[in-house]
Protein chains: 2
Amino acid sequence: MPRSDQSQTAILGALSIMPMTGYTLRQQIRDILGHFWSESLGQIYPTLAALEQQKLVQREVPGNSRSTTYSITPAGITRLRELLAESPQRGKPRNGTMLRLFFGAQLGPVACRALVTNALVQATDQLAALQREREELFGDATLAADAPYIALTISAGEHTARATIAWANESLATLARLGSS
Amino acid sequence: MPRSDQSQTAILGALSIMPMTGYTLRQQIRDILGHFWSESLGQIYPTLAALEQQKLVQREVPGNSRSTTYSITPAGITRLRELLAESPQRGKPRNGTMLRLFFGAQLGPVACRALVTNALVQATDQLAALQREREELFGDATLAADAPYIALTISAGEHTARATIAWANESLATLARLGSS
DNA sequence: CCACACATGTAATATGTTACATGATTTA
DNA sequence: TAAATCATGTAACATATTACATGTGTGG
């Protein structure tokens, strides 16, 4: 059962910052990588088991607690660096909003306006969330080494969100003209 | 074997513009929706078979040719409008470049620079491709009804590409400072 | 006539989510 | 002590890609 390289990369990466349980792993990935990554528990547990078999991660002292904290091994760090060095296989795009807009003649201008408005709201929310994250990032001393790189990914999200906002406003104006004529 | 609503939407949508074979369907989706959508042949043929069973598409006069051209039925148009009206289920993001950059401390500044440069090149190429498409769009009279909506999706691609270019240039400057210090 | 594009379809494989089953720990 | 959260793991289902097997039409 070969668990995907991609999931292994994300999980090893997260464990390279700090040891965690599978459950916490999902939370951290959702909350911190959420803008550009996702993993489900159904992926995480089997992947952790596979990584453990390959000795790339290990269970930490399972003393008193019933929960299993995993940490990355030196071999795991080596493997992580290999995986990160592989060229990123771009996932196939599937943007439901654009698909609907493309066939907007079938959908009608009113529903299209709703789609764009929705995209606008989401992008605005995301921009706010990213700005909050940026502030938190500088308050966390344990991330000192990672902070400059993490800031790059936050910046990317901000650029994209602002682009979406600009596009949405433009498009709403266009759609208004389209609807009235 | 329930074929996904998402694939059905894309295929019915494409057939709403003109009848096609499965093979051509894939080409058109790759070439025209490629910026925000993808379907493989392994999806297209089974989906077409399912759609035919539901009478949402039909084979056109299979007279002399060996190839099977499908066209959308009135029921298919109705179904397409239903599908388009469903709120777009956002696919989970998986951006390999951002994942690598996030763990840039493990990967090192040189490889990170390469990742960003690569993103810059891709975005530049895409911007050029989109501008070509925009010109073609106005030259094609058969798309008159769809053109304004299609233009919206092209514009979205352009905004995103320009945002990526701006981010990449900024980030290269940041990485240069990071590497030299 | 040979290579290449057109065309169809299936099977193996990969990937991934959701729901289910189960239970411990914390907090109000 | 009841509810919420933390935690693990599996199974069923959904989705998707790639490779394979096979054949037709067309241009050089």
Side-chain angles (χ1 to χ4, degrees), chain A residues 1-11 14-15 19-31 33-34 36-53 57 59-60 62-70 83 86 88-96 99, chain B residues 1-11 14-15 19-31 33-34 36-53 57 59-60 62-70 83 86 88-96 99:
Chain A
M1 256 163 267
R3 282 289 132 192
S4 98
D5 281 6
Q6 298 258 289
S7 293
Q8 290 201 4
T9 309
I11 289 172
L15 292 179
M20 278 175 259
T21 67
Y23 187 87
T24 310
L25 216 31
R26 168 164 146 279
Q27 288 185 343
Q28 296 288 303
I29 290 174
R30 182 192 351 95
D31 296 346
L33 308 183
F36 54 85
W37 204 261
S38 85
E39 295 290 345
S40 66
L41 283 173
Q43 281 287 94
I44 288 172
Y45 286 114
T47 304
L48 277 173
L51 288 170
E52 193 188 17
Q53 260 198 318
V57 304
R59 288 159 194 259
E60 294 224 311
N64 44 1
S65 175
R66 225 68 67 240
S67 65
T68 321
T69 300
Y70 288 90
L83 287 169
E86 283 177 14
Q89 51 190 109
R90 31 123 103 275
K92 335 271 129 124
R94 285 210 140 188
N95 185 325
L99 185 68
Chain B
M1 250 166 264
R3 283 289 134 191
S4 96
D5 281 4
Q6 299 256 289
S7 294
Q8 290 201 3
T9 308
I11 289 173
L15 292 179
M20 277 176 260
T21 68
Y23 187 87
T24 310
L25 217 30
R26 170 168 143 275
Q27 288 185 345
Q28 296 289 304
I29 289 174
R30 188 202 332 104
D31 297 345
L33 307 183
F36 55 84
W37 204 261
S38 86
E39 294 291 345
S40 65
L41 283 172
Q43 280 287 93
I44 287 173
Y45 286 115
T47 304
L48 277 173
L51 287 171
E52 194 189 15
Q53 261 198 318
V57 304
R59 289 159 194 258
E60 295 224 311
N64 43 1
S65 175
R66 223 69 67 241
S67 66
T68 320
T69 300
Y70 288 89
L83 287 169
E86 282 177 16
Q89 53 190 111
R90 33 129 98 276
K92 338 271 126 128
R94 283 210 140 189
N95 186 325
L99 185 68

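On a predicted model such as this, the values are computed, not experimentally measured, just so you know.
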* Could you check how far CD of A:Gln43 sits from C1' of C:dA14, rounded to whole Å? => 10 Å

* Give one of base, sugar-phosphate or nothing for B:Ser38, where a contact means two heavy atoms less than 4.0 Å apart. => sugar-phosphate

* Just how far, in rounded Å, is P of D:dT8 from CD of A:Glu60? -> 13 Å

* Rounded interatomic separation in angstrom, taking CG from A:Asp31 and P from D:dC6 -> 11 Å

* **CD1 on B:Ile29 to CG on B:Leu25, rounded to 0.5 Å** => 4.5 Å

* Let me know the distance between CG of B:Leu41 and C1' of D:dT17, rounded to the nearest Å. => 11 Å

* In whole angstrom, give the distance that lies between atom CD of B:Glu39 and atom C1' of C:dG9. => 17 Å

* To do: To the nearest 0.5 Å, tell me how far B:Tyr45 OH sits from B:Ser40 OG.
  => 11.0 Å

* Rounded distance (Å) that lies between atom P of D:dC6 and atom CD1 of A:Ile44 -> 14 Å

* Rounded to 10°, tell me the angle between the two end axes of the helix from C:dC1-D:dG28 to C:dA28-D:dT1, each built from five pairs. => 30°

* Structure fact -> Ranking C:dT8, D:dA7, D:dA16 by distance to the side chain of A:Tyr45, first place goes to D:dA7

* Within residues 39-53 of chain A or reaching into it, pairs that qualify as salt bridge (charged side-chain N to carboxylate O under 4.0 Å, His left out) - sequence neighbours excluded -> A:Glu39-B:Arg94, A:Glu52-A:Arg59

* Could you say whether B:Thr69 or B:Arg94 is positioned toward the 5' end of DNA chain C, judged by the nucleotide with the nearest heavy atom to each? => B:Thr69

* Asked: Could you state the CH2-P distance from A:Trp37 to C:dG16, rounded to the nearest angstrom?
  -> 8 Å

* Asked: A:Leu48 and A:Thr68: side-chain contact (heavy atoms from CB on, under 4.5 Å), yes or no, with the steps?
  -> CA-CA 11 Å; A:Leu48 277 173; A:Thr68 321; over 6 Å; no

* To do: With sequence neighbours excluded, tell me which residues meet side chain to side chain contact (heavy atoms under 4.5 Å, CB included) with B:Arg90.
  => A:Gln122

* Rounded distance (nearest 0.5 Å) linking atom CD1 of A:Ile44 with atom CG of A:Leu51 -> 11.5 Å

* Would one find a side-chain N or O of B:Lys92 under 4.0 angstrom from OP1 or OP2 of D:dT15? -> no

* Tell me, which of residues 19-28 of chain A have any heavy atom that sits under 4.0 Å from an atom in DNA chain D? -> A:Thr21, A:Gly22, A:Tyr23, A:Thr24, A:Gln27

* Step by step, would you call B:Gln89 with B:Gln6 a side-chain contact (heavy atoms from CB on, under 4.5 Å)? -> CA-CA 9 Å; B:Gln89 53 190 111; B:Gln6 299 256 289; 3.5 Å; yes

* Under 4.0 Å between a side-chain N/O of A:Ser67 and OP1 or OP2 of C:dA24, yes or no? -> no

* **Euclidean distance, atom CG of residue B:Leu48 to atom P of C:dA7 [Å, nearest integer]** => 13 Å

* Asked: Do A:Leu99 and B:Leu83 pass the side-chain contact (heavy atoms from CB on, under 4.5 Å) test, and can you show the C-alpha distance, the side-chain angles, and the key distance before you say yes or no?
  -> CA-CA 11 Å; A:Leu99 185 68; B:Leu83 287 169; over 6 Å; no

* Structure fact -> Hits for side chain to side chain contact (heavy atoms under 4.5 Å, CB included) against A:Thr69, two or more places apart or cross-chain, chain-then-number order -> A:Pro19, A:Thr21, A:Glu60

